[in-house]
Amino acid sequence: MYISFGEAETFLRNCKDAVIITHRNPDGDCIGAGFGLKDILQQLGIRSRVVCHDDFPERFDFLTNVGAGEDFEPQTVIAVDVADPSLMGKYQEIYGKRVQLCIDHHVSNKNYAEKTLLRADASATCEVIYQLAESMGLDISRHCAMCLYTGIATDTGCFRFDCTTYRTHEAVADIMKKFDINFARINRYMFDVKSEGRIKLESMLNGMMELYLGGKLCIIAVTNEIMEKVGIDSSELEGFANLTLQLEKTEIGIFIRERENDFKCSFRSSGDINVSEICQQLGGGGHAKASGCNMAGTLDEVKTKMIETVREALC
Ligand SMILES: [Mn+2]
């Protein structure tokens with residue numbers, strides 16, 4: 001059931017001992033939303049714990065160093081930025097069927113929770129949480145402000161992507177007005193600072209771009225072998241997907257990364273093609289301009305399937 005800000009407020013004010021689930025391959029938005037909501041609950045006198053299938057990458061230490069939360073048997077299950085319970089990884093089995101509240105901004109949200117606060121026009125789940133705090137009349141903490149800023153900045157590619165609206169800027173303007181935070185420093189760590197392995201991989205990138213369908217489709221695939229060679233793990237591949245759209249004629253970019261048992265495929269659209277629809281055909285989902293799906297098989301099989309599906313979508 002989709003709910004309003006008012007209903008979400010009532011839920012939050014009356015909940016107890018909450019576990020907050022983020023998605024696997026955690027990014028700035030789910031980490032910011034998880035830890036930001038934890039702060040808000042704390043303000044309301046409610047204890048909570050943030051969980052994730054994967055470790056939080058080190059560059060988010062400035063948000064996660066408050067600790068994930070106490071150990072307790074949760075009475076409330078909340079998911080943030082999780083469009084589909086399968087994205088919870090190992091937590092799907094434990095909590096997937098009993099999520100009471102989901103806060104999200106993915107148009108492809110599977111409506112799996114008892115109550116869903118969905119704002120598909122929001123740039124980030126952190127923007128939704130900012131609006132929620134506003135409507136609750138809460139003065140958020142400085143740490144919460146850093147969490148929400150980071151989620152909004154990362155999901156908008158530092159306010160460049162299509163999902164950025166005047167409301168996004170208003171939210172961030174308000175945060176900037178109220179808090180003395182080194183935003184430039186956050187941006188530097190989110191967008192500029194890279195590991196040596198990542199720099200090595202980026203220098204290999206030009207040779208790894210594969211063009212199909214007359215250049216309208218660009219695929220970059222990073223295998224475990226390549227990651228091992230340059231010495232990075234998949235948590236450092238954030239932001240790579242956008243590099244598939246650098247060529248002017250490219251309409252769809254797909255960034256494929258190998259995982260243990262399958263391939264994670266991130267789709268980007270530079271124009272009018274809705275990649276969320278393409279990904280939903282492949283069992284995934286996301287946003288119109290940025291979506292993803294997971295595919296099993298060999299890399300060649302996965303690529304063939306991608307090319308065929310995109311070919312049909314381009315017709
Ligand atoms: Mn998000």
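Note that this is a predicted model, so its numbers are computed, not measured. Quick note: residue numbers are just sequence positions, from 1. No hydrogens, no waters, no symmetry mates; every other heavy atom, side chains included, goes into these values. Note that ligands are numbered from 1 as they come in the structure, with each ligand's atoms numbered from 1 the same way.
- Remark: the backbone N or O of E70 is not paired with any side-chain donor or acceptor of R47 at under 3.5 angstrom.
- With F72 as the aromatic partner, R49 meets the cation-pi criteria of under 6.0 angstrom to the ring centre and within 45 degrees of the ring axis.
- The closest side-chain donor-acceptor pair between H287 and D162, if any, does not fall under 3.5 angstrom.
- Taken to the nearest 0.5 Å, the CZ atom of F179 stands 4.5 Å off from the CD1 atom of I140.
- Here the side chain of H105 pairs a donor or acceptor atom with the backbone of A122 at under 3.5 angstrom.
- The side chain to side chain donor-acceptor pair (under 3.5 Å) check on K178 picks up D174, with sequence neighbours excluded.
- Within the protein, the N, O or S atoms lying under 2.8 Å from the Mn ion (ligand 1) are D29 OD2, D81 OD1, H105 NE2, D155 OD2.
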